[in-house]
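Contents: one structure, followed by commentary.
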Amino acid sequence: MVLPSQRNPRVNSLINPRVNSLINPRVNSLINPRVNSLINPRVNSLINPRVNSLINYRVNSLLNPVSNPGVNPAMNNFVNPHMNANIAGYYVLDLDYNIVGYTVVANASVSLLFDVNSAHIGILVRHGQGGYCVFDLLNDWTIHLVERDHGFNSHTQDNEWIGVLV
């Protein structure tokens with residue numbers, strides 16, 4: 001897969017957190033969940049699926065691909081990138097630009113995360129700084145996404161840059 005230059009952090013310094021401090025959570029405290037409690041699900045229960053059942057796929061059947069065929073890529077070709085390259089969600093890439101997954105939009109604040117084999121592996125919950133907190137299927141917070149032009153940069157909880165969503 002060849003990324004357009006405007007979506008390639010190696011070419012476009014505006015979307016590279018190693019060059020652009022505005023999108024680097026190690027430099028910009030507004031997008032650092034260790035500093036900004038509004039984007040930290042351990043502090044902000046509104047974005048924590050363990051506390052807020054509206055965003056918990058185990059409780060809310062609209063967010064569960066087992067009970068809702070609209071968000072299940074095995075049952076809905078419109079959200080399956082193997083059948084439809086123009087999905088409404090994002091492709092998840094590692095820093096070598098290998099596709100490692102994709103997202104399916106469930107509602108305005110929640111998307112579902114699938115691996116390349118269409119196995120449901122997590123959820124993304126929108127937070128107040130325009131990014132997302134990513135949770136695994138046990139509702140453990142694993143990653144945070146920082147919004148940038150044409151997608152998101154993916155960071156560990158230690159703010160290490162590990163991938164992109166395009």
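Computed from a predicted model, the values in this text were never measured in an experiment. The figures here come from the full heavy-atom set of this structure, side chains too, leaving out hydrogens, waters and symmetry mates.
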Pairwise side-chain contact, [X] with [Y], heavy-atom cut-off 4.5 Å (strictly under):
X	Y	answer
Asn20	Ser13	no
Pro33	Ile39	yes
Leu138	Arg58	yes
Ile162	Ile143	yes
Leu113	Val134	yes
Ile87	Val79	no
Leu165	Leu124	yes
Trp161	Val164	yes

#### Entry: Salt-bridge criterion met for Arg26 and Asp158 (N-O under 4.0 Å)
no
### Query
In terms of ring plane angle, is the pair His144 and His155 parallel, tilted or perpendicular, where the classes change at 30° and 60°?
parallel
In one Ile/Leu/Val/Met/Phe/Trp/Tyr side-chain cluster, 4.5 Å: [X], [Y]:
X	Y	answer
Val166	Tyr97	yes
Val104	Leu63	yes
Leu22	Leu38	no

### Query
What distance do Tyr90 atom OH and Phe152 atom CZ have between them, rounded to the nearest 0.5 Å?
4.5 Å
#### Entry: Gap between atom CG of Leu95 and atom CG of Asn153 - 0.5 Å precision
8.5 Å
Under 3.5 Å: donor-acceptor pair, side chain of [X], backbone of [Y]:
X	Y	answer
Asp115	Gly101	no
Tyr57	Leu137	yes
Tyr132	Val146	no
Ser67	Ser61	yes

### Query
Given Asn68 and Asn64, is the side chain to side chain donor-acceptor pair (under 3.5 Å) satisfied, shown in steps?
CA-CA 6 Å; Asn68 181 357; Asn64 192 328; over 6 Å; no
### Query
Taking only residues two or more places apart in sequence, or in another chain, which ones meet Asn139 in a side-chain hydrogen bond (donor to acceptor under 3.5 Å, both in side chains)?
Asn56
### Task
Give the intermediate values and the outcome of side-chain contact (heavy atoms from CB on, under 4.5 Å) for residues Phe135 and Asp140.
CA-CA 5 Å; Phe135 299 87; Asp140 289 327; 6.0 Å; no
### Between Tyr102 and Phe114, ring centroids under 6.0 Å
yes
